[in-house]
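Basis for what follows: all heavy atoms, side chains included, without hydrogens, waters or symmetry-related copies.
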Amino acid sequence: MRQPAVPAPRSVGTGSLCVLAASVLWGTTGTAATFAPAVGPLAVGAVAMGLGGLLQALTAAPHIARQARELRARRGVVLLGALAVAVYPLAFYSSMRLAGVAVGTVVSIGTAPLASAVIERVVDRRRLSRRWKAGAALGLLGTVLLCVAQAAGPAQHGPTEASAGATVLGVGLGLVAASTYALYSWAAHRLITRGITSRAAMGAVFGVGGVLLVPVLLVTGAPLVDSWPNAAVGAYMALVPMFAGYVLFGWGLAHVPASTATTLSLLEPAVAAVLAVLVVGERLPAAGWAGIALIVGCLAVLTAPTPSARRPRRREGGTAPAPGGTAPPHEGTVPADGGAAPVWGGAAPAYEGALRQAAAAVPERDR
């Protein structure tokens with residue numbers, strides 16, 4: 001069985017920066033949508049993820065063709081991720097329309113890290129570090145503060161209050177959005193860490209997801225072509241936050257676990273709130289700024305390098321490696337190129353033959 005390798009601190013930092021950059025782009029979608037109020041949430045979601053996904057598949061076509069055999073071998077993961085891609089935008093934008101931007105955002109984005117952690121714990125048996133737990137706690141608290149502050153403020157767009165039934169339905173759709181966001185993030189990370197390049201993995205998952213969204217776009221997308229401003233908003237949503245943003249997200253998933261990536265994406269509601277103040281003209285109470293500060297603290301906890309990141313850590317409850325022996329495998333990611341994980345500590349020349357025999361005796365299983 002291929003053993004996972006410890007990602008280099010520099011690659012983890014690069015991956016985190018890619019996810020943060022993607023989150024900044026995603027944070028612009030709410031402000032962009034205000035310039036096309038006549039376009040419904042299903043149309044917004046379908047044009048953003050549908051066209052954006054098809055464009056990803058088109059630009060990644062050479063990568064997909066080169067790894068078609070590997071993708072077919074893992075078609076179950078591809079299809080699962082694609083179905084999640086198709087459901088996520090419809091649930092996310094409908095949640096914000098029914099329950100309000102504040103409630104829809106906090107449920108959809110704020111609970112995604114928890115859903116991602118549950119998936120990784122159940123499927124991959126991956127332990128959650130204390131650092132991740134601390135960062136996630138700060139981020140979730142900050143997101144709650146931010147969205148409560150927005151909800152408590154004066155309503156400037158749409159009805160002042162939603163009905164109880166609409167709010168409950170909106171919250172339910174927000175949970176669906178959080179689960180599907182975590183699911184397609186896990187699926188893409190799973191493909192990437194099994195030897196498929198990030199361009200091929202994201203292109204395949206989002207391309208199939210885009211195909212599934214085409215019928216929704218055909219049925220609901222008429223307002224997008226009613227005026228140039230609506231068309232411009234649709235083009236921006238597809239090209240910038242969704243296409244460019246998810247290319248960056250794919251690069252990030254090649255270096256950090258899905259649970260870390262979804263936690264870093266908590267920057268999205270903070271960016272959305274700041275843009276609402278600067279561009280739309282909304283006002284943010286002090287509690288909202290405190291929430292943004294906590295989210296920034298969350299990002300600092302998850303991205304700051306630690307001295308221990310440069311040396312191997314033994315598994316909890318395991319034994320220290322003998323001099324010249326090998327260390328226990330680390331629970332992290334495998335190399336993105338699908339190569340074998342490096343052996344830590346090396347071995348003395350006298351033991352090399354025995355190590356080769358032991359390695360040859362281990363059957364290679366499906367990865």
Just verifying a value: how many Å separate [X] [atom1] and [Y] [atom2], rounded to the nearest 0.5 Å?
X	Y	atom1	atom2	result
Leu55	Phe243	CG	CZ	4.5 Å
Gln67	Arg69	CD	CZ	12.0 Å
Leu248	Trp26	CG	CH2	9.0 Å
Leu264	Cys18	CG	SG	11.0 Å
Thr29	Tyr93	OG1	OH	4.0 Å
Thr180	Leu83	OG1	CG	9.0 Å

**Study point:** Test log, rule side-chain contact (heavy atoms from CB on, under 4.5 Å), inputs Val39 and Val233
**Key:** CA-CA 10 Å; Val39 181; Val233 168; over 6 Å; no
Exercise for review: Please step through side-chain contact (heavy atoms from CB on, under 4.5 Å) for the pair Leu217 and Leu51, ending with a clear verdict.
Suggested key: CA-CA 9 Å; Leu217 181 59; Leu51 295 187; 4.1 Å; yes
If hydrophobic clusters are built from ILVMFWY residues whose side chains come within less than 4.5 Å, do [X] and [Y] share one?
X	Y	result
Val123	Leu183	yes
Val77	Ile64	yes
Val85	Leu80	no
Met49	Val87	no
Leu213	Met237	yes

For [X] and [Y], which heavy atoms make the closest approach, and how far apart are they?
X	Y	result
Gly221	Ala43	CA-CB, 4.2 Å
Val19	Val256	CG2-CG2, 4.4 Å
Val205	Leu191	CG2-CD1, 3.7 Å
Ala22	Gly245	CB-O, 3.1 Å
Leu212	Ala82	CD1-O, 4.0 Å
Leu267	Ser23	CB-CB, 4.0 Å

Point to revise | Qualifying ring-ring contact (aromatic ring centres under 6.0 Å, His included) pairs with a residue from residues 30-56, counting only residues at least two apart or across chains | key: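 Sorted result for residues 30-56: empty, none.
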Review point. If we only count heavy atoms from C-beta on, is the Tyr236 to Pro241 side-chain gap below 4.5 Å?
Key: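 The answer is yes, as the side chains (C-beta and beyond) meet within the 4.5 Å cut-off.
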Check your understanding: Step by step, would you call Thr59 with Arg199 a side-chain contact (heavy atoms from CB on, under 4.5 Å)?
Key -> CA-CA 9 Å; Thr59 57; Arg199 293 296 302 276; 3.4 Å; yes
Exercise for review: Anything under 30° is parallel, anything over 60° is perpendicular, the rest tilted; go ahead and classify Tyr246 against Phe206.
Suggested key: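 Tilted: the ring planes of Tyr246 and Phe206 meet at 30° to 60°.
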Practice item. Determine the interplanar angle of the Tyr181 and Phe249 rings, folded into 0 to 90°, and report it as parallel if under 30°, tilted if 30 to 60°, perpendicular if over 60°. Key: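 Plane angle between 30° and 60°, so tilted.
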Keeping [X] on the side-chain end and [Y] on the backbone end, is there a donor-acceptor pair under 3.5 Å?
X	Y	answer
His189	Leu253	yes
Thr31	Thr28	no
Ser108	Ala178	no
Gln56	Gly210	no
Ser94	Ala91	no
Ser116	Ala112	no

Exercise for review: Start with the C-alpha distance between Val211 and Leu54, add both sets of side-chain angles, then the distance that settles side-chain contact (heavy atoms from CB on, under 4.5 Å), and finish with yes or no.
Suggested key: CA-CA 7 Å; Val211 171; Leu54 293 175; 3.8 Å; yes
Check your understanding: Quick one: salt bridge (charged side-chain N to carboxylate O under 4.0 Å, His left out) partners of Glu268, sequence neighbours excluded?
Key ->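 In terms of salt bridge (charged side-chain N to carboxylate O under 4.0 Å, His left out), with neighbours along the sequence ignored, Glu268 is linked to no residue.
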